[in-house]
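Worksheet for the structure shown next.
Every chain is numbered from 1 and lettered A, B, ... according to where its sequence line falls, protein lines coming before strand lines.
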There are 2 protein chains.
Amino acid sequence: MVVDRSPRLDRVFHALAHPARRAIVRQLSVGERTLTELASPLKMTFPAASKHVRVLEAAKLVRRRIAGREHRCSLRASPLKDAMQWTEQFRRHWEASFAALDTLLEEMKAQEQPRSRRD
Amino acid sequence: MVVDRSPRLDRVFHALAHPARRAIVRQLSVGERTLTELASPLKMTFPAASKHVRVLEAAKLVRRRIAGREHRCSLRASPLKDAMQWTEQFRRHWEASFAALDTLLEEMKAQEQPRSRRD
DNA sequence: GGTATAATAAACCAGATGGTTGTCGATAGA
DNA sequence: TCTATCGACAACCATCTGGTTTATTATACC
């Protein structure tokens, strides 16, 4: 169990590793969007944006519903939950480091008082 | 502000998108490790593992302290916090979908009762 | 000094990624 | 029906990724 063989997480983290794809996710968090709507704010051609949506689909972050000639996309957030749960298992680490920083700041504060009297 | 220009998040999510690198993070969550210790459980050559550690360093997820001939690596969790906070902004979406599933299950349950009497 | 060990560096490779342009099919609307 | 629009698809390209092998540097130990 040393290595984390989890292609689901691979795909989700990879999907989130590109600013355009994160932008798409945020757009979809507001509500359903067609491909052209998703593509228009991105500084790239339509086919490029379309590829990004496919990457998000592969990560199961986006569902596509074809309605006539337009493809309506919506967010599927559960893979985000998986990603968050993975990172959350290290919560105590960043909390610990902030606690350490707090302690340091406390100590600096405590030393500042006597030093200002000494000086 | 349409596109998410955040190279920090790019690097963090990209760093987490590979099973070997997630395995390294988990190893470091237990405590400090040298490069050879990090590489040994991975099914790849040492230089390959070393490259993965560099990717993690670029994402500021790993700090390296050189001690004689060995490089001691430790976890810097704060970028994980950033990644988690980004995903967390969509929490209500997956909670909503689970709420919807709950509702669905409730409805199915409610319909099951009369149907089992009908059958 | 001589040898084993920790790690880097460089060269190389196959395949993935991220983008483009151009062509095509299907649907909506005049 | 004709035209505009939404989108897929394919080809192409440069660059990045993830891995290898080989050689090299620097430290530790006998």
Side-chain angles (χ1 to χ4, degrees), chain A residues 2-25 27-28 31-74, chain B residues 2-25 27-28 31-74:
Chain A
V2 173
V3 176
D4 212 358
R5 276 287 142 260
S6 170
R8 279 217 343 279
L9 278 181
D10 292 5
R11 281 191 287 267
V12 175
F13 282 128
H14 171 246
L16 298 180
H18 194 289
R21 290 191 295 256
R22 289 198 302 278
I24 291 173
V25 167
Q27 269 199 280
L28 292 178
E32 205 176 56
R33 291 284 184 274
T34 69
L35 277 189
T36 30
E37 287 168 343
L38 289 176
S40 66
L42 304 178
K43 300 271 183 301
M44 63 185 70
T45 58
F46 182 86
S50 174
K51 284 187 189 179
H52 283 300
V53 173
R54 284 182 184 281
V55 171
L56 290 164
E57 276 186 289
K60 301 200 185 305
L61 279 163
V62 163
R63 195 190 312 106
R64 178 191 305 235
R65 218 184 66 229
I66 300 178
R69 68 177 163 177
E70 59 191 14
H71 294 200
R72 296 227 178 78
C73 297
S74 55
Chain B
V2 174
V3 175
D4 213 1
R5 277 287 143 258
S6 170
R8 278 214 348 276
L9 279 180
D10 293 5
R11 282 191 286 267
V12 174
F13 281 128
H14 171 247
L16 298 180
H18 194 290
R21 289 190 295 255
R22 289 199 301 277
I24 291 173
V25 167
Q27 269 198 279
L28 292 179
E32 204 177 56
R33 292 283 183 275
T34 68
L35 277 188
T36 31
E37 286 168 345
L38 289 175
S40 66
L42 304 178
K43 300 268 184 302
M44 62 185 71
T45 58
F46 182 86
S50 173
K51 284 188 188 178
H52 283 301
V53 173
R54 284 180 185 283
V55 172
L56 291 164
E57 277 186 289
K60 302 201 184 304
L61 279 163
V62 163
R63 195 191 313 105
R64 179 190 304 234
R65 218 184 65 230
I66 300 178
R69 67 176 165 179
E70 59 191 14
H71 293 200
R72 297 228 178 78
C73 298
S74 55

inquiry  = So does B/Leu16 get a backbone contact from the side chain of B/Arg21, meaning a donor-acceptor N/O pair under 3.5 Å?
reply    = no
Atom CZ of A/Phe46 and atom P of D/dC6 are separated, to the nearest Å, by 8 Å
In whole angstroms, the gap separating C1' of D/dA26 from CD1 of B/Ile66 amounts to 11 Å
| query | Is A/Arg54 touching bases, backbone alone, or none of the nucleic acid, heavy atoms closer than 4.0 Å? | reply | sugar-phosphate
Whole-Å distance, A/Glu37 CD to D/dT5 C1', equals 13 Å
Fill in: Distance below 4.0 Å between A/His14 side-chain N/O and D/dT17 OP1 or OP2
no
Practice prompt. Would you indicate whether A/Arg64, at its atom CZ, is surrounded by more than 12 heavy atoms from other residues, nucleotides or ligands within a distance under 6.0 Å?
Written response: yes
A/His71 side-chain N/O to D/dA8 phosphate OP1/OP2 under 4.0 Å: yes
Could you tell me whether the side chain of A/His14 reaches within less than 4.5 Å of the side chain of A/Val55, counting heavy atoms only? yes
Comparing A/Ala17 with A/Ala67, nearest DNA chain C nucleotide closer to 5' gives the residue A/Ala17
Q | Short side-chain N/O contact to C/dA16 OP1/OP2 from A/His18, under 4.0 Å | A | no
From the list B/Glu32, B/Arg63, B/Arg33, side chain to side chain donor-acceptor pair (under 3.5 Å) with B/Ser74 holds only for B/Arg63
query = Are OP1 or OP2 of D/dT20 and a side-chain N or O of B/Thr45 less than 4.0 angstrom apart?
reply = yes
- Item | side-chain N/O B/Arg21 vs D/dG18 OP1/OP2, d < 4.0 Å | yes
B/Met44 atom CE is separated from D/dT17 atom P, nearest whole Å, by 15 Å
Rounded to whole Å, CG of B/Leu16 lies from P of D/dT17 at a distance of 15 Å
**Asked** B/Ser50 side chain N/O closer than 4.0 Å to the phosphate oxygens (OP1, OP2) of C/dT8?
**Response** yes
Per nearest nucleotide of DNA chain D, the residue lying toward the 5' end, A/Glu70 or B/His52, is A/Glu70
Sorted by position of nearest nucleotide on DNA chain C, 5' first, the leading residue of B/Arg69 and B/Lys51 is B/Arg69
Taken to the nearest whole Å, CG/A/Leu35 to C1'/C/dT27 is 15 Å
### Task
Give a yes/no answer on whether the side chain of B/Thr36 brings an N or O atom under 4.0 Å of OP1 or OP2 in C/dA7.
yes
Separation of D/dA8 atom P from A/Glu57 atom CD, nearest Å, is 8 Å
Q) With side chains defined as the heavy atoms from C-beta onward, is the minimum distance between A/Leu61 and A/Ile24 less than 4.5 Å? A) no
A/Leu42 atom CG is separated from D/dG7 atom P, nearest whole Å, by 13 Å
